[in-house]
Undergrad: 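Below you'll find the structure I mean.
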There are 2 protein chains.
Amino acid sequence: MTELTKISIVEDNEFARNALSDLLSQEKDFVLLGSYDSCETAFDETDFLNSDVVLVDINLPGINGIVGTEKIKNKNPKVNVIMLTINDDDENVFAALKAGAVGYLLKSEEPGKVIDSVREVLNGGSPMSPYIARKVLKSFHSFDVKSREYDELNEMETKILNLLSEGKSYNKIADEIFLSSHGVKYHIRNIYLKLRVNTKSEAISKGHKFRIIKK
Amino acid sequence: MTELTKISIVEDNEFARNALSDLLSQEKDFVLLGSYDSCETAFDETDFLNSDVVLVDINLPGINGIVGTEKIKNKNPKVNVIMLTINDDDENVFAALKAGAVGYLLKSEEPGKVIDSVREVLNGGSPMSPYIARKVLKSFHSFDVKSREYDELNEMETKILNLLSEGKSYNKIADEIFLSSHGVKYHIRNIYLKLRVNTKSEAISKGHKFRIIKK
DNA sequence: AATAGAACTACCCAGTTGGGTAGTGTGGTT
DNA sequence: AACCACACTACCCAACTGGGTAGTTCTATT
């Protein structure tokens with residue numbers, strides 16, 4: 001493991017960029033491939049996409065950090081992007097994660113945390129500022145209050161709900177699971193009863209919310 | 001902040017339970033309310049639900065940790081549950097988070113991490129073992145490869161897709177947004193085009209996957 | 001002035017869906 | 001033997017859906 005970890009920085013604020021550069025350069029096993037003030041200039045550098053870890057600011061002139069992250073991941077999925085930002089609003093956080101960021105740090109974090117985070121990423125972790133981590137976890141249990149206002153689906157029902165969610169009609173599903181369309185309908189009625197809904201749309205929505213629908 | 005943090009433990013393995021108890025008792029600002037070998041015995045203790053933080057093992061005889069967590073959160077949502085487990089398979093992780101756990105630690109974690117995690121929870125964070133954190137983040141960008149195989153919806157389309165997901169018919173939606181049902185249909189056709197689908201079911205599924213549908 | 005696009009309204013039509021109701025067979029209880 | 005729940009088949013019917021096609025108005029572009 002004598003390999004150096006290649007790091008790049010995309011941050012438009014010169015002061016912050018230099019501070020990060022200095023910080024990371026001090027680590028003997030890190031090598032700073034480059035630091036850029038925008039995604040555009042970063043992409044001009046062919047070596048940029050060979051980075052192991054890229055720290056990307058979210059607020060950038062031109063292509064913002066979220067779109068930039070998307071582009072990076074599309075061009076080379078192996079690059080690990082850590083989002084570095086002052087924004088902690090839902091929209092940005094989830095958009096960034098959705099774009100493919102593997103970590104999300106608030107700039108209010110102390111500098112040492114950045115080093116730790118890079119190492120955490122290299123070890124297969126996903127560093128998040130505590131506040132972000134909580135936000136992310138909360139997105140999983142948004143239903144804790146009104147939760148379990150439905151009955152558990154059995155295997156057949158789960159299967160059928162999943163097929164429904166793929167846009168298949170009663171008839172197609174019937175073919176697929178060797179039942180008559182009436183049989184499918186029978187199960188769907190039970191699904192609706194258990195989920196307390198009366199349309200396919202609601203059933204699919206609840207299916208996703210309660211993670212009954214895979215994929 | 002001279003308040004003591006009340007902690008409880010639910011762990012069936014006696015050795016592990018005692019180790020945790022000893023560990024946590026050494027912190028001056030923590031007070032161990034109780035340690036139990038099952039959810040059942042824990043719930044017998046009325047004070048249990050007054051805990052600030054509860055460490056729950058996932059594999060428990062009788063009521064398992066996930067169902068137990070659900071029960072805890074239903075009875076007192078203020079209790080912060082940290083899941084403590086050897087299981088790192090998807091099903092368990094997501095089920096636990098869904099149940100309302102605010103942290104998820106693998107037992108392979110070093111002991112000091114438990115103390116840190118309790119403090120992190122108290123500070124509004126969500127401690128997760130690195131491996132778990134990565135898993136959780138990944139669940140947000142499972143589409144990074146095939147990503148953006150759809151066009152962005154505009155405001156009206158987003159609104160309509162959300163209404164569709166609630167099981168509303170073209171007519172109901174039309175009433176709600178002051179359009180004719182034909183107008184609604186016009187937008188829905190565009191939604192299907194942009195999402196590259198041709199049924200409501202698929203549209204709703206994609207809407208959830210890409211987080212276009214709120215709630 | 002002509003063109004093009006969006007944001008609608010509108011009609012046709014086959015196919016799908018949801019609800020109601022009813023019947024069959026099988027297996028398990030009492 | 002009587003009863004029941006469950007998984008299914010079956011039919012009716014009104015409402016809804018998706019696709020195709022077409023017309024209107026408004027606004028922006030050329």
Side-chain angles (χ1 to χ4, degrees), chain A residues 67 143 146 148-215, chain B residues 146 148-215:
Chain A
V67 177
F143 332 98
K146 56 171 182 178
R148 211 35 148 272
E149 60 192 0
Y150 69 98
D151 297 322
E152 216 63 58
L153 302 192
N154 64 32
E155 202 175 325
M156 182 62 113
E157 289 157 356
T158 303
K159 166 131 207 172
I160 289 179
L161 182 55
N162 274 275
L163 291 171
L164 269 187
S165 79
E166 293 166 22
K168 292 180 172 140
S169 69
Y170 293 11
N171 278 317
K172 263 199 208 87
I173 295 175
D175 284 355
E176 214 156 310
I177 60 175
F178 308 110
L179 267 188
S180 74
S181 66
H182 306 294
V184 173
K185 198 174 179 179
Y186 162 75
H187 289 296
I188 288 177
R189 277 198 280 229
N190 288 333
I191 292 171
Y192 291 3
L193 276 175
K194 288 185 174 181
L195 297 185
R196 322 242 202 281
V197 299
N198 38 26
T199 63
K200 220 188 324 185
S201 305
E202 292 172 280
I204 292 175
S205 282
K206 286 216 173 183
H208 280 285
K209 285 183 199 168
F210 299 126
R211 288 166 204 276
I212 301 165
I213 295 174
K214 281 87 179 162
K215 284 201 319 177
Chain B
K146 56 169 181 179
R148 211 39 145 271
E149 61 193 358
Y150 69 98
D151 298 320
E152 216 63 58
L153 301 192
N154 64 32
E155 204 176 323
M156 182 61 114
E157 289 157 356
T158 303
K159 168 134 207 169
I160 289 179
L161 181 55
N162 273 275
L163 291 170
L164 268 186
S165 80
E166 293 166 21
K168 292 180 173 139
S169 69
Y170 293 9
N171 278 316
K172 264 201 206 84
I173 294 175
D175 284 356
E176 215 156 307
I177 60 176
F178 308 111
L179 269 188
S180 74
S181 66
H182 306 293
V184 173
K185 197 174 178 178
Y186 162 75
H187 289 296
I188 289 177
R189 276 197 280 228
N190 288 334
I191 292 172
Y192 291 3
L193 276 176
K194 288 184 174 181
L195 297 185
R196 322 242 202 281
V197 300
N198 39 26
T199 63
K200 221 189 324 187
S201 304
E202 292 173 280
I204 292 175
S205 283
K206 285 216 172 183
H208 280 285
K209 285 184 200 167
F210 298 128
R211 290 168 204 273
I212 301 166
I213 295 173
K214 281 88 180 161
K215 285 199 326 180

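Residue numbering restarts at 1 for every chain, and letters A, B, ... go by the order of the sequence lines.
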Undergrad: Counting just side-chain N and O atoms, does A:Tyr186 come under 4.0 Å of either OP1 or OP2 of D:dC8?
TA: no
Undergrad: Report the distance from atom CG of B:Asp151 to atom C1' of C:dA6, rounded to the nearest whole Å.
TA: 16 Å
Undergrad: C:dA7, D:dA7, D:dG18: which one has an atom nearest the side-chain heavy atoms of A:His187?
TA: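 Nearest nucleotide to the side chain: D:dA7.
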Undergrad: So which of A:Asn190, A:Ile204, A:Leu153, A:Asp151 actually passes side-chain contact (heavy atoms from CB on, under 4.5 Å) with A:Leu195?
TA: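 Passing option: A:Leu153.
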Undergrad: With a 3.5 Å distance limit and no angle check, can you tell me whether B:Glu166 reaches the backbone of B:Leu163 through a side-chain donor-acceptor pair?
TA: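 It does not hold such a pair.
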Undergrad: Is any N or O donor-acceptor pair between the side chain of A:Arg189 and the base of D:dT9 shorter than 3.5 Å?
TA: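 Donor-acceptor pair under 3.5 Å: no.
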Undergrad: A:Ile188 CD1 to C:dT16 P: how many Å, rounded?
TA: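 After rounding, the gap between these two atoms is 13 Å.
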Undergrad: Within less than 4.0 Å of OP1 or OP2 of D:dG18, is there a side-chain N or O belonging to B:Tyr170?
TA: yes
Undergrad: Could you state the atom-to-atom distance from CD1 of B:Ile160 to C1' of C:dC8 in whole Å?
TA: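 Between C1' of C:dC8 and CD1 of B:Ile160: 11 Å.
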Undergrad: Hey, which of these two, B:Ser181 or B:Ser201, hits DNA chain C nearer its 5' end, going by closest nucleotide?
TA: B:Ser181
Undergrad: Keeping B:Ser165 on the side-chain end and B:Asn162 on the backbone end, is there a donor-acceptor pair under 3.5 Å?
TA: yes
Undergrad: Among the candidates D:dC16, C:dA7, C:dT16, find the nucleotide nearest to the side-chain atoms of B:Lys200.
TA: D:dC16
Undergrad: What verdict does the side chain to side chain contact (heavy atoms under 4.5 Å, CB included) test give for A:Ile213 and B:His208, after you've listed the backbone C-alpha separation in whole Å, the side-chain angles of each residue and the deciding distance to 0.1 Å?
TA: CA-CA 11 Å; A:Ile213 295 174; B:His208 280 285; over 6 Å; no
Undergrad: Send over the distance from B:Leu193 CG to C:dA6 P, rounded to a whole Å.
TA: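 Answer to the nearest Å: 12 Å.
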Undergrad: Would you indicate which nucleotide in D:dC11, D:dG18, C:dT17 comes nearest to any side-chain atom of A:His182?
TA: D:dC11
Undergrad: Side-chain N or O of B:Asn171 less than 4.0 angstrom from OP1 or OP2 on D:dC16?
TA: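 Yes.
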Undergrad: If you pin B:Lys185 and B:Asn154 to their nearest nucleotides in DNA chain C, which one's is more 5'?
TA: B:Asn154
